[in-house]
Each structure stands twice: as structure tokens, then as C-alpha cells.
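The structure under discussion appears below in the form of C-alpha cells.
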Amino acid sequence: MRATPRDAATSEHLHPIHRADLPSGTIALARFLIGKVLVREDGASFLTGRIVETEAYPPGDDAAHHRSGRTARNASLFLAHGHVYVYRAYGTAMMLNVSSEADGVGGGVLIRAAEPLSGIDVMRARRGTDDIRRLARGPGCLAQAFDIGFALDGDAYGAGNALWFADDRSKPPRIARSVRIGITRNADKPWRFFVRGSPFVSGPAKLNRA
DNA sequence: TGAAAGATTCGCT
DNA sequence: GCGAATCTTTCAG
């Protein structure tokens with residue numbers, strides 16, 4: 001298969017979102033990113049997907065990785081908003097986060113799911129499935145499809161153009177919210193955002209009707 | 001130095 | 001729908 005350079009028909013409608021234009025509050029950023037386009041460039045491929053599900057982990061949140069202060073592992077969460085934080089859960093699943101507060105303050109947004117737009121063949125090969133709905137549904141699956149690894153951890157958003165966000169100015173999605181998935185502390189906070197009715201959203205159907 | 005928990009996923013029943 | 005797999009980080013002793 002030929003490498004997929006930037007697809008003209010796709011990028012023509014992509015308007016890059018500069019880091020200065022990202023909201024700096026955790027909740028605001030989580031909501032802002034819904035419906036935006038995640039872009040992953042690694043030289044050989046150009047992958048895009050529309051973000052359909054995020055979760056906010058604001059300062060003071062007991063469920064967040066930054067709850068017990070800054071460590072070597074979670075340092076990226078304390079960088080100025082717009083830095084990439086990557087970690088591995090349960091030994092297998094990589095998770096993509098974006099720091100969301102001022103420098104020195106811990107906060108992050110987890111990107112949980114996306115609707116594949118371009119580079120779909122590459123994602124299919126990486127995920128080992130042809131079902132487009134399963135390519136980037138769930139944080140670990142999304143990371144695998146977009147080849148998110150520790151190499152990206154700590155990167156400033158947009159650095160080297162490896163990872164950035166764009167606005168394709170499509171119709172704004174209907175955003176719904178619910179409690180977050182898979183956590184035990186602060187489990188009653190409605191800090192998960194998703195596109196209502198999207199088949200690319202993860203999580204139990206019960207939550208997605210809320 | 002050891003043990004336990006964790007922002008999940010996949011396969012099997 | 002349920003339970004195992006899997007491994008890093010963190011906390012306790």
C-alpha cells in the first residue's frame with residue numbers, strides 16, 4: 001500500500017487550531033475538543049479523526065493522575081495547557097491526554113474516542129479489524145489506531161506537527177455529558193462529554209442515552 | 001523491597 | 001455479561 005501523504009481533498013477543509021486558541025480550563029477544553037479533528041502525522045501517514053468523546057480531569061480531582069502531586073510520570077499534566085500526556089493502563093492500553101491548565105497546575109483531558117476520517121486503511125491494519133466503528137472507540141483503541149506512544153509524552157501541542165487539532169467547520173455536534181467511565185473516586189462527577197447518537201462513542205449504552 | 005490498584009480490552013460463556 | 005491478561009506506578013513496611 002502506498003504511503004498516505006496529506007490528502008488534498010481532506011486537508012483543504014482543515015483549519016489548524018493554534019495552541020493559543022485552545023481554552024485553558026479543563027472542563028472548557030474537554031467540551032471544546034468534541035467535534036474537532038485530531039490530526040496525526042508521522043511522515044509516512046496522515047491520519048485524521050473527529051473527536052466524539054472526551055473526559056475532564058480538573059485540578060483537585062481525586063480520580064486524576066495528578067491527585068498526589070507532580071511526579072516523573074505525570075509531569076506532563078503540570079505543563080502549560082496544550083502539552084501531550086501519554087500513559088499506559090492495565091499493562092496494555094495507551095491513553096492520549098492533553099494538559100489543560102496553567103504551567104504548574106495539574107489538569108488534563110482524556111481523548112476517549114474518534115470517528116475515523118482519513119488514513120482508515122492504516123488504522124484497519126493496526127487494529128486488525130475492518131469494522132470502522134471499532135477503529136478508535138475507547139481510549140486504548142484510539143491510541144493504537146493513531147500510533148500514540150510514550151514518544152509523544154511531554155510534547156508541546158503541534159510540535160513537529162506530529163499531533164495537532166483542526167476545525168473543519170462542519171455542523172457543530174450535539175454534545176451530551178455523563179459521569180466518567182472506569183473510575184472509582186469522584187465517580188459521580190458529570191465530566192465526560194460525547195456526541196449524542198454517534199456510533200463511534202464508547203461506553204455502556206445506558207450512559208449514552210442520558 | 002514487596003504488594004496492590006488502575007482513566008481497559010478481548011475472548012469466552 | 002463476566003473475568004482474565006498484563007505491567008507500571010505508587011505506597012507501605
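Below, chain A is the first sequence line, B the second, and so on; all start at residue 1. Nothing here was measured: the structure is a model prediction, and the numbers come from that model. Both backbone and side-chain heavy atoms feed into the values below; hydrogens, waters and symmetry mates do not.
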Q. DNA chain B: A/P139 or A/R185, which has the more 5' nearest nucleotide?
A. A/R185
Q. Would you call A/Y57 stacked on B/dA7, i.e. ring centres under 5.5 Å apart with the planes less than 30° off parallel?
A. yes
Q. Atom CZ of A/R134 and atom P of B/dG11: how far apart are they, to the nearest Å?
A. 9 Å
Q | Note: A/D42-A/R126 ion pair, threshold 4.0 Å (strictly below) | A | yes
**Q.** Nucleotide paired to B/dG2 in any strand shown, Watson-Crick or G-U, under 3.5 Å
**A.** C/dC11
(Q) For the residue pair A/R180 and A/Y57, would you count it as a cation-pi contact if the rule is NZ or CZ under 6.0 angstrom from the ring centre and within 45 degrees of the ring axis? (A) yes
(Q) Closer than 4.0 angstrom, basic N to acidic O: yes or no for A/R133 and A/D131? (A) yes
Q.
Quick one, A/F165 and A/V98 - any side-chain contact, counting heavy atoms below 4.5 Å?
A. yes
Q. Counting side-chain heavy atoms from C-beta on, which of B/dA7, C/dT10, B/dT9 comes nearest to A/C141?
A. B/dT9
Q | Whole-Å gap separating P (B/dA7) and CH2 (A/W191) | A | 15 Å
(Q) Strictly by Watson-Crick or wobble contacts shorter than 3.5 Å, is anything paired with B/dA7, and which nucleotide is it? (A) none
Q. When you measure from the side chain of A/M95, which nucleotide among B/dA7, C/dT9, C/dC11 comes out closest?
A. B/dA7
Q: Report the distance from atom CZ of A/R180 to atom C1' of B/dG6, rounded to the nearest whole Å.
A: 14 Å
Q. Which one, B/dT8, B/dG6, B/dA7, comes nearest to the side chain of A/I183?
A. B/dA7
**Q.** Protein-nucleotide distance (A/R88, atom CZ; C/dA5, atom C1'), rounded to Å
**A.** 13 Å
**Q.** For atom CD of A/E53 and atom C1' of B/dT8, their distance in whole Å
**A.** 13 Å
Q: Go through C/dT10, B/dA7, B/dT8 for me and flag the one nearest to the A/A93 side chain.
A: B/dT8
Q: Check every atom of B/dC10, B/dG6, B/dA7 against the side chain of A/R127 and return the nucleotide holding the closest atom.
A: B/dC10
Q. Rounded to whole angstroms, how far apart are CG on A/D62 and C1' on B/dA5?
A. 15 Å
Q.
Just so I know, are the side chains of A/R134 and A/C141 near enough to count as touching, which here means a heavy-atom distance under 4.5 Å?
A. no
Q: Using atom CZ of A/F150 as one end and atom P of C/dT8 as the other, report the distance to the nearest whole Å.
A: 8 Å
Q: Mind checking A/R73 for me? I need base, sugar-phosphate or nothing, with any heavy atom below 4.0 Å counting as a touch.
A: sugar-phosphate
Q. Which nucleotide, B/dG6, C/dT8, B/dA7, lies nearest any side-chain atom of A/Y90?
A. B/dG6
Q: Mind calculating the distance between CZ (A/R137) and P (B/dT8) to the nearest angstrom?
A: 15 Å
Q: Determine the contact category for A/N74: base if any of its heavy atoms lies under 4.0 Å from a base atom, sugar-phosphate if only primed atoms, P, OP1 or OP2 are that close, otherwise nothing.
A: nothing
